[in-house]
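What follows is a single structure, written as structure tokens, with notes after it.
Proteins come first, then strands; the chains are lettered A, B, ... in the order of their sequence lines, and each starts at number 1.
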Amino acid sequence: MITIQAPKTLEQLMHRMDLIAGLTIADIAEELQVKMPENLQTEKGWVGQLVEAYLGATAGNLPEPDFQHLGIELKTIPISRTGAPLETTYVCVAPLSPALGEQWRTSLVYKKLAHVLWVPIIAERSIPLKDRQIAMPFLWQMTPEQEQILKTDWGELTDLIVLGKHDEITAKLGEALQLRPKAADSSVRSAGSTEKATQRMRRQKGFIFAPVLPSRYCANNLI
DNA sequence: TGTTGATCATGT
DNA sequence: ACATGATCAACA
């Protein structure tokens, strides 16, 4: 695979955003000389990793924003031809034992969502992977109103974990953030550090961003 | 048919 | 083990 240097400045990144708009997945795979799977059934994160490589993201699988020095998180988002988001977006793990006194602004959720480069991809399931087209990427920062929603959701969901109310946690909670299972399969268990003594094994969960805040993405214009 | 819970691949 | 990247697919 061809390696792309990380963008040094925000201007460089924005320039690459302009260049990637309108390309198909096949275009990018060809440029990077990577083999493209027929579908995503066994490589669900493949497109995200392809776009990361193409734009020069550096964080790998570290729990940090993708463009570390710019503090920007890259997220691909599948959209319909009319710009409606087709999936929710994984943000980060939800600690089984949240640090005592953890605040919203110091949380990993905030760090990841503070600056997001959304890369919408027209990805209706009827469209073959190779033909799916990148729409216009855009930088997003939460507004004060949006932050209030996220902060409230994060606080309520974190409280449930802190209080050990794991049985009450479902994806129905939260307005813009959900807590959903995040594991290889439903049998995986792990212990929170405060619970190791009692051997209370719980299922790992992750914070999921329901795309209700940037509710519509440019699909047709700007390509 | 939209949502919620489950699952897959990869890297350190 | 546990973090990243997400989409799949069963079921309400």
Side-chain angles (χ1 to χ4, degrees), chain A residues 1 3-4 6 25 28-29 32 34-68 72-80 82 84-98 107-109 111-113 116-130 132 134 137 153 157 160 166-193 195-196 199 201-212 215 217:
Chain A
M1 177 171 81
T3 300
I4 305 290
I25 299 301
I28 299 173
L32 293 182
V34 298
K35 189 174 179 297
M36 187 169 52
E38 280 297 309
N39 56 58
L40 300 175
Q41 289 179 12
T42 62
E43 290 178 76
K44 297 177 181 177
W46 185 83
V47 170
Q49 290 165 343
L50 182 76
V51 173
E52 276 188 352
Y54 192 71
L55 292 178
T58 56
N61 56 357
L62 299 175
E64 301 173 16
D66 294 294
F67 299 99
Q68 298 161 296
I72 293 175
E73 174 74 9
L74 169 63
K75 296 234 161 278
T76 60
I77 172 79
I79 60 171
S80 70
T82 56
L86 298 177
E87 288 282 355
T88 51
T89 303
Y90 171 73
V91 179
C92 61
V93 298
L96 247 21
S97 302
S107 71
L108 188 51
V109 174
K111 286 175 186 158
K112 288 244 179 181
L113 291 182
V116 178
L117 169 55
W118 293 100
V119 179
I121 300 174
I122 304 171
E124 293 173 3
R125 291 196 187 182
S126 60
I127 304 175
L129 176 60
K130 66 178 174 57
R132 296 181 184 180
I134 311 289
D153 283 351
L157 296 172
L160 287 177
H166 299 269
D167 294 342
E168 296 179 22
I169 296 174
T170 85
K172 295 180 181 62
L173 305 175
E175 186 174 339
L177 274 183
Q178 306 172 327
L179 234 27
R180 307 236 294 266
K182 175 63 174 177
D185 60 68
S186 59
S187 73
V188 176
R189 297 290 190 285
S190 53
S193 61
E195 299 179 311
K196 279 177 182 162
Q199 299 292 79
M201 304 295 277
R202 331 242 55 153
R203 300 187 51 190
Q204 183 62 258
K205 288 189 162 52
F207 282 107
I208 308 293
F209 185 54
V212 297
S215 62
Y217 299 85

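The side-chain hydrogen bond (donor to acceptor under 3.5 Å, both in side chains) search around A/D167 returns none, not counting sequence neighbours. Applying the side-chain hydrogen bond (donor to acceptor under 3.5 Å, both in side chains) test to A/S126 and every residue at least two apart in sequence or in another chain returns nothing. Evaluation of the side-chain hydrogen bond (donor to acceptor under 3.5 Å, both in side chains) rule for A/T89 yields no partner, not counting sequence neighbours. Scored by the side-chain contact (heavy atoms from CB on, under 4.5 Å) test, A/Q41 finds A/N39 as partners (sequence neighbours excluded). Listed by chain and number, the residues in a salt bridge (charged side-chain N to carboxylate O under 4.0 Å, His left out) with A/E124 are A/R81 (sequence neighbours excluded). Annotation: side-chain hydrogen bond (donor to acceptor under 3.5 Å, both in side chains) contacts of A/T58 (sequence neighbours excluded): A/Q68.
The stretch residues 43-55 of chain A participates, sequence neighbours left out, in these side chain to side chain donor-acceptor pair (under 3.5 Å) pairs: A/E31-A/Y54.
To the nearest angstrom, P of B/dA6 lies 13 Å from CD1 of A/I169. Atom-to-atom, CG of A/L177 to P of B/dT4 comes out at 14 Å; the value is rounded to the nearest Å. We find that CE of A/M1 is positioned 13 Å from P of B/dT10, with the value rounded to whole Å.
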Expected rows: protein N/O vs nucleotides 1-3 of chain B N/O, under 3.5 Å:
none

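Within 4.0 Å (heavy atoms only), A/R203 reaches sugar-phosphate atoms of the nucleic acid but no base atom.
Atoms CD1 and CG, from A/I77 and A/L86 in turn, are 7.5 Å apart once rounded to the nearest 0.5 Å.
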Exercise. How does protein contact run along nucleotides 3-12 of chain C, one letter per nucleotide 5' to 3', with B for base contact, S for sugar-phosphate only, - for none, heavy atoms under 4.0 Å?
Worked result: BBBBBBB---

